[in-house]
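Just so we're on the same page: letters track the sequence lines, and every chain starts at 1. What you see below is based on every heavy atom in this structure, not just the backbone, and it leaves out hydrogens, waters and symmetry mates.
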Amino acid sequence: MKIYNSLTRKKEDFTATNNSVNMYVCGVTTYDKPHIGHAMSYIIFDTFHRYLEYLGFTVNRVQNFTDIDDKIIDRANKDSLDSNQVSEKNIKAYFDVMDKLNIKRANHYPRATNEIKEIIGIISNLIEREYAYESGGSVYFSVKKFKDYGKLSHRNVDEMLEATRFDVDENKINFADFVLWKSAKPGEPFWDSPWGNGRPGWHIECSAMVLHHLGEQIDIHGGGQDLVFPHHENEIAQSEAALGVNSFARFWVHNGLVQMDGDKMSKSLGNVFDVEVALKKYTSDAIRLWVLQSHYRKPLNLDENHIISSEKSISRLRNAIDIESNQDKQPISSQTYIDKFIQSMNDDLGTPAAIATLFDLARAIFRGRDNKDNVIDLIKALKKYSKLLGFDLKPSKKNIQISEKDIEELIDLRNDARSNKLFEESDRLRDKLQSLGVQISDSPEGTTWERI
RNA sequence: GGCGACGUGGCCAAGUGGCUAAGGCGAAGGUCUGCAAAACCUUUAUUCGCGGGUUCGAAUCCCGCCGUCGCCUCCA
C-alpha cells in the first residue's frame with residue numbers, strides 16, 4: 001500500500017523487513033478524560049493497524065501515556081489528589097472509552113514514570129555527546145547542535161531564532177532549545193537524577209520508550225498533526241543525536257484535527273467534546289463511520305448532525321447483513337467489490353472510498369434479495385470488510401424502560417383493537433409504546449418491535 | 001511574517017488529465033400498511049470558489065484573485 005509520509009511530503013510504498021512492523025503512536029497526557037479528537041486519532045490508527053495486519057504484516061504497536069507533566073500537577077492540586085491518582089483515573093477513562101469504540105489495544109502502554117531510568121540514560125548520553133547541557137538543575141537540548149533540526153516540520157532553525165518570544169526561560173542558551181529534564185519546584189513530584197530532583201520533559205519519554213520497547217529504528221510513528229512541531233521534531237532530534245543515526249522513524253503518519261465550527265477543538269478554547277458523552281448518545285459504529293467517511297489527513301468538523309446522519313447510515317449496513325439468501329442459485333460474486341475496497345485502502349488508507357464500496361455491497365444485497373438471488377458471498381464480504389474497518393454492526397443496545405412481557409401485552413391489546421378496526425385505540429397504544437422507547441412495525445407475518 | 005491545508009449537489013464527502021463527477025444524509029415519487037413507522041426500490045450536480053492560460057481534452061496542470069482553516073505556545 002501507499003501511505004503519505006510527513007517527512008517527505010509524498011505518498012510512498014509501504015514495505016517492512018520480514019513483514020514485521022514496529023509502530024509507535026503518541027498517546028495522551030493523562031490530565032483529563034479523552035475527547036472526541038482523541039477518538040478520531042485512535043480510530044484512525046486502529047484502522048491502519050488492522051489493515052496492515054490484513055495485508056499480512058505483523059504489527060507491534062506501542063502507545064504511551066504521559067503520566068507526569070505540568071497540567072497533571074495543576075489538576076492534582078486543584079482536585080486535592082496526587083498526580084498519580086489523576087493519571088490513574090484518566091488512564092482508566094481512556095481504556096473505558098477506547099474499548100467501547102472497538103479500538104484494538106496496543107501491545108504495550110508504557111508510562112513516562114516507569115521509564116525514568118531509560119530517560120536519564122538517554123539524557124546522559126546526549127550530554128556526553130554535547131547535544132545537551134545542564135543549566136540551573138534542568139537539562140536542555142541544543143537545537144543548533146543538531147544539523148537536521150527542522151526536517152520533519154520543514155522549518156529553518158535560524159529563522160526560528162530570529163522570531164521573538166515572550167516567555168524566554170533564562171536557563172536556555174537559545175530560546176528554541178527544549179527541556180529534557182525539568183528541575184522540580186518545592187512541592188512538586190520529583191525523581192532523583194544526576195542533575196538533581198526533577199521530572200522528564202515532554203518529548204524525551206517517547207524517544208526513551210521507542211528505544212526501550214521497539215528498538216533503534218521504527219517503521220511507523222504516528223500522531224495528530226498538532227504534534228508535528230515541536231513534539232515530533234524534537235523526538236527526531238533527541239533520538240537521532242543520541243543514537244548517531246539519521247532515520248529514527250521511516251514513516252511519519254499524522255491525522256488531521258477535529259474542528260468545531262471551523263475552530264480547532266482545544267482546552268484553551270473551551271470547546272472540547274467529551275467522548276463519554278458522545279457514546280451515550282451515539283453508537284460506536286456511528287462515531288467510527290463519521291470519522292472514517294472523511295479522509296484521515298483532512299480536518300474533521302464536529303457537527304452532531306453529521307454523527308446523527310452516520311447513525312442512520314450504519315443501520316443500512318446492519319440491515320443488509322441480515323438478508324436471507326436463495327441457496328438454490330449460484331452465489332453472486334463479491335470480487336469486484338473487494339478489489340475496489342482494497343484498491344481504495346491501498347491508496348493512503350482511503351477509507352471514504354472503501355466505505356462507499358460497503359454501501360455498494362449493501363445495495364447489491366438488497367437488489368439480490370428482491371430478485372431472489374443468492375447473496376451469501378456479498379453478505380460475507382460486507383461482514384468481513386466492515387469488521388476490517390472496526391465496525392461490529394451489532395444492533396445498538398438501548399435504554400430499558402419497559403419489560404418484554406409488558407411490551408408483548410400492549411402489542412396484543414393493540415392487535416385486538418386493530419382486528420376490530422378500532423384504529424383510534426390501536427394508534428393510542430402505538431403512541432404509548434413509542435413514548436416508552438419501543439418502535440413497532442406491522443407486516444404480513446405479524447407485528448415486530450425494537451427498542452429505539 | 002514563515003510553513004501548510006482546503007473551497008465539488010440542500011448538507012457531509014470521494015475523485016487530482018479522458019468511460020455516464022463515488023458513497024452517505026436529506027428531499028421527491030413508488031412498494032408495503034387500516035393509516036403510519038421501519039425497510040427496500042427509483043429519481044435527485046451538463047457541473048466542481050472566481051477569472052485567465054496550457055491541452056484534441058481539466059474539477060483535476062499553470063498564473064492571478066477571493067474566501068476558510070491549521071501549525072509556528074500545551075495539545076490526538
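- When both distances must be under 3.5 Å, the Watson-Crick or G-U wobble mate of B/rU42 is B/rA28.
- Residue A/E425 contributes atom CD, which lies 16 Å from atom C1' of B/rC35 at whole-angstrom precision.
- Salt-bridge check for A/K281 with A/E304: passed, with a basic side-chain N closer than 4.0 Å to an acidic carboxylate O.
- Between B/rG34, B/rA14, B/rA76, one nucleotide has an atom nearer to the side chain of A/S41 than all others, and that is B/rA76.
- Here, B/rC6 and B/rC12 have their C1' atoms 15 Å apart, quoted to the whole Å.
- Residue A/D442 places a side-chain atom within donor-acceptor reach of the base of B/rC35, judged by atom type and a 3.5 Å distance cut-off alone.
- Annotation: B/rG67 and B/rC50 have their P atoms spaced 15 Å apart (nearest Å).
- Candidate nucleotides B/rG70, B/rC74, B/rG23 were compared by shortest atom distance to the side chain of A/K71, and B/rC74 ranks first.
- Atom CZ in A/F229 sits about 13 Å away from atom C1' in B/rC74, given to the nearest Å.
- Residue-level contact check: A/R418 touches the bases, meaning some heavy atom is under 4.0 Å from a base atom.
- When both distances must be under 3.5 Å, the Watson-Crick or G-U wobble mate of B/rU20 does not exist.
- Applying the 4.0 Å criterion to OP1 and OP2 of B/rU42, one finds that A/R367 has a side-chain N or O inside that range.
- Taking every side-chain heavy atom of A/A356 into account, B/rG23 is the closest of B/rG70, B/rG23, B/rA76.
- Taking the centre and axis of the six-membered ring of A/F95, the NZ or CZ atom of A/R105 falls inside the cone set by 45° and 6.0 Å.
- Using a 4.5 Å heavy-atom cutoff, the side chains of A/K340 and A/D360 are in contact.
- If you check every strand for non-hydrogen atoms under 4.0 Å, A/Y42 touches sugar and phosphate atoms only.
- Residue A/N319 is classed as a sugar-phosphate contact, given heavy-atom separations below 4.0 Å to backbone atoms only.
- Residue-level contact check: A/R414 touches the bases, meaning some heavy atom is under 4.0 Å from a base atom.
- Note on A/T29: only backbone sugar-phosphate atoms sit closer than 4.0 angstrom, heavy atoms only; bases stay farther off.
- Side-chain proximity of A/R316 to the nucleotides B/rC41, B/rG4, B/rC71 is greatest for B/rC41.
- Rounded to whole angstrom, the span from the CZ atom of A/R297 across to the P atom of B/rC71 amounts to 18 Å.
- B/rU20 and B/rG15: their C1' atoms are spaced 15 Å apart (whole Å).
- Annotation: cation-pi geometry satisfied between A/R155 and A/F229 (NZ/CZ under 6.0 angstrom from ring centroid, within 45° of ring axis).
- The base of B/rA37 has none of its N or O atoms less than 3.5 Å from a complementary donor or acceptor on the side chain of A/R430.
- Comparing B/rC72 with B/rG64, their P atoms sit 28 Å apart, to the nearest whole Å.
- Closest to the side chain of A/D427, from the set B/rG34, B/rC12, B/rG4, is B/rG34.
- The NE2-C1' distance, from A/H154 to B/rG4, rounds to 10 Å in whole Å.
- If you check every strand for non-hydrogen atoms under 4.0 Å, A/G27 touches sugar and phosphate atoms only.
- Comparing B/rG26, B/rC40, B/rA76 by their nearest atom to the side chain of A/K312 picks out B/rG26.
- At a threshold of 4.0 angstrom between heavy atoms, the contacts of A/F359 are confined to the sugar-phosphate backbone, with no base atom among them.
- The side chain of A/K298 sits closest to B/rA14 out of B/rC41, B/rA14, B/rC3.
- In this structure, the nucleotide among B/rG34, B/rC25, B/rA14 sitting nearest to the side chain of A/S309 is B/rC25.
- Of all nucleotides present, none satisfies the Watson-Crick or G-U wobble test against B/rA59 with each distance under 3.5 Å.
- Atom pair A/I220:CD1 and B/rA76:P shows a separation of 20 Å (rounding to whole Å applied).
- Within the shown strands, B/rG70 is the pairing partner of B/rC3 under the Watson-Crick or G-U definition, both distances less than 3.5 Å.
- Residue A/L300 contributes atom CG, which lies 14 Å from atom C1' of B/rG24 at whole-angstrom precision.
- Within the 4.5 Å cutoff, the side chain of A/R250 has no heavy atoms near those of the A/N5 side chain.
- Ionic pairing of A/D427 and A/R414 is not present here: no N-O contact between side-chain nitrogen and carboxylate oxygen is shorter than 4.0 angstrom.
- The side-chain tip of A/R9 does not point at the ring of A/Y4 from less than 6.0 angstrom away and within 45° of straight on.
- Among the protein residues, A/H254 comes within range of no part of the nucleic acid, since none of its heavy atoms lies under 4.0 Å from any strand.
- Between A/S294 and B/rG24 there is no side-chain N or O to OP1 or OP2 distance below 4.0 Å.
- Under the 4.0 Å criterion applied to side-chain N and carboxylate O atoms, A/R288 and A/D46 are assigned as salt-bridge partners.
- Among the nucleotides B/rC40, B/rC25, B/rG70, the one closest to any side-chain atom of A/D370 is B/rC40.
- With both pairing distances under 3.5 Å, B/rU54 is matched to nothing as a Watson-Crick or G-U wobble pair.
- Atom CG of A/N301 and atom P of B/rC11 are 14 Å apart (whole Å).
- Taking atom NZ of residue A/K182 and atom C1' of nucleotide B/rC74, one finds them 10 Å apart after rounding to whole Å.
- Taking the P atom of each, B/rC40 and B/rG24 are spaced 11 Å apart, rounded to whole Å.
- Side-chain proximity of A/R155 to B/rC72, B/rA76, B/rC35: nearest is B/rC72.
- Taking atom P on both nucleotides, B/rG1 is separated from B/rU16 by 33 Å, rounded to a whole Å.
- For the P atoms, the distance linking B/rU44 with B/rA37 amounts to 24 Å, nearest Å.
- Contact annotation: A/R9 side-chain N/O to B/rG4 OP1/OP2 distance is under 4.0 Å.
- Using a 4.0 Å cut-off, some side-chain N or O of A/R363 falls inside it from OP1 or OP2 of B/rG24.
- If you check every strand for non-hydrogen atoms under 4.0 Å, A/P352 touches a base.
- Taking the six-membered ring where tryptophan is involved, the planes of A/H254 and A/W252 are essentially parallel, since the angle between them stays under 30° and well short of 60°.
- One P atom belongs to B/rA21, the other to B/rA45, and the distance between them is 10 Å to the nearest Å.
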